[in-house]
Amino acid sequence: MSNISNTHESAGRNLTARALREGFFAALVALGLFVLFVGLETTQNIRNELVLNQRWGLLAVFVIVAAVGRFLSVAYIRPWMAARKAAATSKAPAEAEESFFKRNFSKIAIAALLVYPPLMVMLFGVQGSLKWVDNFGIQILIYVMLAWGLNIVVGLAGLLDLGYVAFYAVGAYSYALLSQQFGLSFWVLLPLSGILAAFWGIILGFPVLRLKGDYLAIVTLAFGEIIRLVLINWTEVTRGTFGVSGIPKASVFGIWSFDVGAANYFPKVFGLAMSSAYYKIFLFYLILALALLTAYVTIRLRRMPIGRAWEALREDEIACRSLGINTVTTKLTAFATGAMFGGFAGSFFAVRQGFVSPESFVFLESAIILAIVVLGGMGSLVGIAIAAVVMIGGTELLREMQFLKQIFGPEFTPELYRMLIFGLAMVIVMVWKPRGFVGSREPTAFLKERKAVSGTFTTEGHG
Amino acid sequence: MTPGTNTMTNDPILKVEHLSMRFGGLMAINDFSFEAQRGDITALIGPNGAGKTTVFNCVTGFYKPTMGMITMRQKEGKSFLLERMADFEITRDAKVARTFQNIRLFSGLTVLENLLVAQHNMLMKASGYTFLGLLGFPAYKKASGESVEIAKYWLEKAHLIERADDPAGDLPYGAQRRLEIARAMCTGPEFLCLDEPAAGLNPRESLALNELLRSIRKDSGTSILLIEHDMSVVMEISDHVVVLEYGQKISDGTPDYVKNDPKVIAAYLGVEDDEVEEVIEEIEEIEETQGGKH
Ligand SMILES: Nc1ncnc2c1ncn2[C@@H]1O[C@H](COP(=O)(O)OP(=O)(O)O)[C@@H](O)[C@H]1O
Ligand SMILES: [Mg+2]
C-alpha cells in the first residue's frame, strides 16, 4: 500500500487481484451477516400466523453492494486518496500563492449576496422570488448571524454555551412585547433588544462562569430551558403557548412603511404592484446588514486586547490569570457580546415572522446553532458561514425534493428526514475534517507575514 | 541577618513571614520565612516535593495560604499584602509575574500574540476598555504600536524574533521556556518568579537562559525569585539561596554558604536524620584536608 505513487503495470494487476479477493471476502461477510436479517423475514398474517418470507433479491443487493464497494475502495478510492495525499505533501510549500477566488472569497460572497434578491426577481418574477429570498436567503442569514454571535462565546472564548437560544428568545420577545405595549418602532427596539439580551447574558454569567466545561454546558442548557418555561407559563405577559401575534412590521427607517393601508406604503410610493415580496427583500437586506455588522465587530474585536484575551482564555485560563487578566470580567464580556447579537437576531426574527411563541426557542435551535459553529471550524467566520449555508440550505432544499415522493411513495415527506441527514453530515464532516471546514486560525497581529495557525496548535477551551 | 548573607543594603522587595500551607492532612509548607532583596536573584532550592511550587503559588495568589504574611514592597514604597489579593491582581497591581513548572503558553496564538496578551491591562486602558478603540481613537493605535515595540524588545532578548509569527506551540522546548519568561516580562513586573526555568534544557539552552536572566536583572532592574532543584545552575547566577525541605527552611545564605551547609548536603544526598551527624563529621574532615592543601 505504501508505494502506490509509482505503480507499475504488475503492481496494478496485483492491486486488481487483491481488490477482487477483498471484494469476494466482503461479499462472504455480508452474506453471513445478512442472510438471517435480510434474506428471511417473518410477518404475521391476518390469522396471526407467522409467515416466513424469503427475500433473496434484497439479500443479493446487500451482498453486491458490499462486494462492489469493497472492490472500488481497494482498487480505486484508496490509491487515489494516497496519491492525493502524496501530491499534497510534495506540493504544499510551492502552493503558497492562493487563487484569486480564495483570497477575495468574502468580498465576492458579499457582492453575490447584494445582487441575490434582484437576480431572483429577474429569474422567477416578483412573486416567485419570495421563496428564494425568504426561505433560503433570510433563513440562512439568520442562522449565519446566530452562529457568528455564538462563535464569540464558543469559538473565541471557548465557553461551551448550550442555551444560546435563550438570548434569541429574549430579543424576540423584547421586540414583540415592547412594540405592542408601547408602540415603539423597530429601529428603537433593535438596539434595545440587543442590550436586554446582553443584560441577561451578564445576569446569567455572574453565577455560572465560575463553572467549567461540562458543568457550564449543563447550566447554560438549563438556563435556556428556564427562559422557555417562563415564556410558556407567564401567560399574562407572554400569552403562553399561544404566543404573541400581530407584531408590527419594520419600516425603512420610518420613511416608507410596509403596512398595506399606510399612506407611505412602499410599493405605492414607487408605483409597484402590491406584493409582500418587497418586504421580504427589505428584510433580506436588513438581516444581511445585521450579519455583516456581527462579522465586522467580531473581526475588529479580535484585534483588540479584549478579543485577544478571549482567545487566550480559550487556550489557557490559568496563564491568563498569571498575566493579570481578570478572567471573570473577560468571560462576562464574551457572554454579553454573544448574547447581544443573539438579541439582535431575535428581534429580527420577531419582525420577520410577525409572530413569536415559545416553540421557536427549543433546545434543538441551540444545538443547531452550536453544530454550525463546530462544523464551520470554531473561530472562523468564513467556515461558519459555509456551514450555515450547507446545513440550513440543505434542510430547506429537502423541502424542494418532492420528486422523492415518486420513489418512496406519496406519504414520504423528505423534510422529516432533515435531522437524520443533519446528523449524518455532522459525522462525516467531523471524521473528514475534525476541526471543521476551516480549521486554521488567522493571527491577529504579525511582524513580517501573516501565517495561518494550524488547527493542531489551537485548543477548544475547557470553560 | 541570616548567616552568610553578604548583601550590605537591606531593602527586601518580598518578605514572607511564617507561611504555612496545609492540604488536608499534609503540611506542605510549615512556618516558612524568608526575604528576597531588591535587585537580587534569589534562588529557592530543595528536593522534589519539598514545597517550592507551593510557595510560589502562595506568593502569586494561586493558593490562599493557611497562615502567614507575604509583603511585596514596590520601588516607590507602595506595599501590598499578597495573601489578601486575587491572583490576577497580584500581577496587575503588585507587579509580580510568574512562569510555570509545566510551561503554560497560548499554543494556538503566535509568539507575538502571546506577548501582546501579556500587555492586556495597559492596552485595555489605552483602548478605553474597548469602546474608544472600536471607534478608532488614535490613543489606542499609538498604544498598540508601542506594545508591538515592547514585544519586539523582548523577542530580541530571548532570541525569538525570527519565530515571531509562528504558533507558540510550534517552538522547541527551550524556546518555549524563554518565551514564557519574555511573556511574563511583558507585564512589566518588578518581581519575577520562575518555576524551574532550566528544567529539561540542554547545556546550550541553559546558557542562553542564564544570559537572559542576567540581562533582565541588569537592564530592567527586575528582582528574580527562582526555583531550581539543580544546584549547579543556582550557584552560577544567584546572589542568595534559600533551601527548603519537607516544607521547612533548612538553610538560607549566599551560594557558597549554602553549598557547604551540612544540612543541605544531607538533604541532597538523601541521608536519614540520625546519619546527619556522621555526614557533618565527614564534611569537616574533607574541609580540613582541603584546608591543609592550601
Ligand atoms: N493542590 C495540592 N493539593 C494537594 N497536595 C498538594 C497540592 N499542591 C502540592 N501538594 C503537595 O505539596 C507537596 C509539595 O509540592 P510542590 O510544592 O509541588 O513541591 P516542589 O515544587 O518542591 O517539587 C507535595 O507533597 C505535593 O503533593
Ligand atoms: Mg515544583
Side-chain angles (χ1 to χ4, degrees), chain A residues 155-156 158 293 296-331 333-334 336-337 378-379 435 439-461, chain B residues 60-62 86-93 95 97-100 103-114 116-127 129-130 133-134 136 140 143-144 147-148 151-152 155 161-162 164-170 180 183-184 186-189 193:
Chain A
L156 294 186
L293 175 77
Y296 177 74
V297 171
T298 307
I299 291 169
R300 286 296 299 266
L301 282 178
R302 270 195 73 212
R303 295 186 187 156
M304 307 273 293
I306 189 69
R308 291 210 190 97
W310 288 339
E311 288 200 81
L313 199 66
R314 176 192 69 206
E315 299 283 324
D316 193 326
E317 183 178 345
I318 289 179
C320 275
R321 296 212 304 256
S322 85
L323 297 174
I325 296 174
N326 184 341
T327 50
V328 172
T329 52
T330 306
K331 283 179 183 179
T333 51
T337 313
M378 303 223 270
R435 296 263 163 183
S440 62
R441 172 183 171 272
E442 192 82 354
T444 61
F446 62 98
L447 281 188
K448 289 197 199 72
E449 55 167 328
R450 192 185 290 277
K451 302 184 224 172
V453 176
S454 142
T456 44
F457 295 114
T458 52
T459 46
E460 273 119 28
Chain B
T60 53
F62 281 81
D87 42 22
F88 71 91
E89 292 170 339
I90 289 179
T91 307
R92 188 186 65 190
D93 305 331
K95 306 239 161 281
R98 72 166 291 175
T99 64
F100 295 87
I103 306 176
R104 285 184 171 275
L105 289 173
F106 306 123
S107 57
L109 309 192
T110 67
V111 170
L112 177 66
E113 284 178 307
N114 266 270
L116 295 181
V117 171
Q119 302 174 51
H120 178 80
N121 288 317
M122 184 272 280
L123 288 171
M124 273 305 259
K125 251 190 223 120
S127 68
Y129 297 91
T130 309
L134 260 188
Y140 172 64
S144 161
S147 71
V148 172
K152 259 165 132 173
L155 286 174
I161 194 84
E162 294 302 318
D165 299 326
D166 291 330
D170 201 19
E180 207 191 10
R183 188 181 67 178
C186 279
T187 63
C193 301

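Protein chains get the first letters and strands the later ones, always in sequence-line order, with residue 1 at the start of each. Being a predicted model, the structure only gives us computed values, none of them experimental.
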- Message: Using the side-chain hydrogen bond (donor to acceptor under 3.5 Å, both in side chains) criterion, which residues pair with B:T187? Sequence neighbours excluded.
- Response: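 Partners of B:T187 by the side-chain hydrogen bond (donor to acceptor under 3.5 Å, both in side chains) criterion come out as none, since no residue qualifies.
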Look at [options] and state which one has the largest set of heavy-atom pairs under 4.5 Å with chain A.
options                        : result
B:E89, B:R92, B:R98, B:R104    : B:R104
B:H120, B:Q119, B:K152, B:M122 : B:H120
B:A164, B:A86, B:A118          : B:A118
B:P167, B:S144, B:A97          : B:P167
B:G169, B:A168, B:A184         : B:G169

_Among residues at least two apart in sequence or on other chains, which ones pass salt bridge (Lys or Arg N to Asp or Glu O under 4.0 Å) with B:R183?_
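For B:R183 there are no salt bridge (Lys or Arg N to Asp or Glu O under 4.0 Å) partners, ignoring immediate neighbours.
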Notebook entry, point to check: Quick one: is the NZ or CZ of A:R308 closer than 6.0 Å to the six-membered ring centre of B:F106, and within 45° of its axis?
Noted result: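 The answer is no, since A:R308 fails at least one limit relative to B:F106.
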* Considering non-hydrogen atoms only, spot the tightest contact between B:L116 and B:S147 and give its length. =>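 The answer is CD2-OG, 3.5 Å.
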Under 4.5 Å from any heavy atom of chain A - which part of [X]:
X      : value
B:V148 : side chain
B:N121 : side chain
B:L109 : both
B:D170 : both
B:L155 : side chain

Check: Side-chain contact, heavy-atom cut-off 4.5 Å: A:L301 with A:I306?
Finding: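 Answer yes - side chains close enough.
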Find out whether A:I325 and B:V117 are in side-chain contact, i.e. whether some heavy atom of one side chain is under 4.5 Å from a heavy atom of the other.
->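 They are in side-chain contact.
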> What's the verdict on salt bridge (Lys or Arg N to Asp or Glu O under 4.0 Å) for A:R302 and A:E442, showing C-alpha distance, side-chain angles and the deciding distance?
Replying inline: CA-CA 10 Å; A:R302 270 195 73 212; A:E442 192 82 354; over 6 Å; no
For the interface with chain B, which of A:T327, A:D316, A:V297, A:T330 has the highest count of heavy-atom pairs at distances below 4.5 Å?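 The candidate making the most pairs under 4.5 Å is A:D316.
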Exercise. With rounding to the nearest 0.5 Å, note down the distance linking CG in B:D165 to CD in B:E162.
Key: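 Rounded to the nearest 0.5 Å, the CG-CD separation comes to 10.5 Å.
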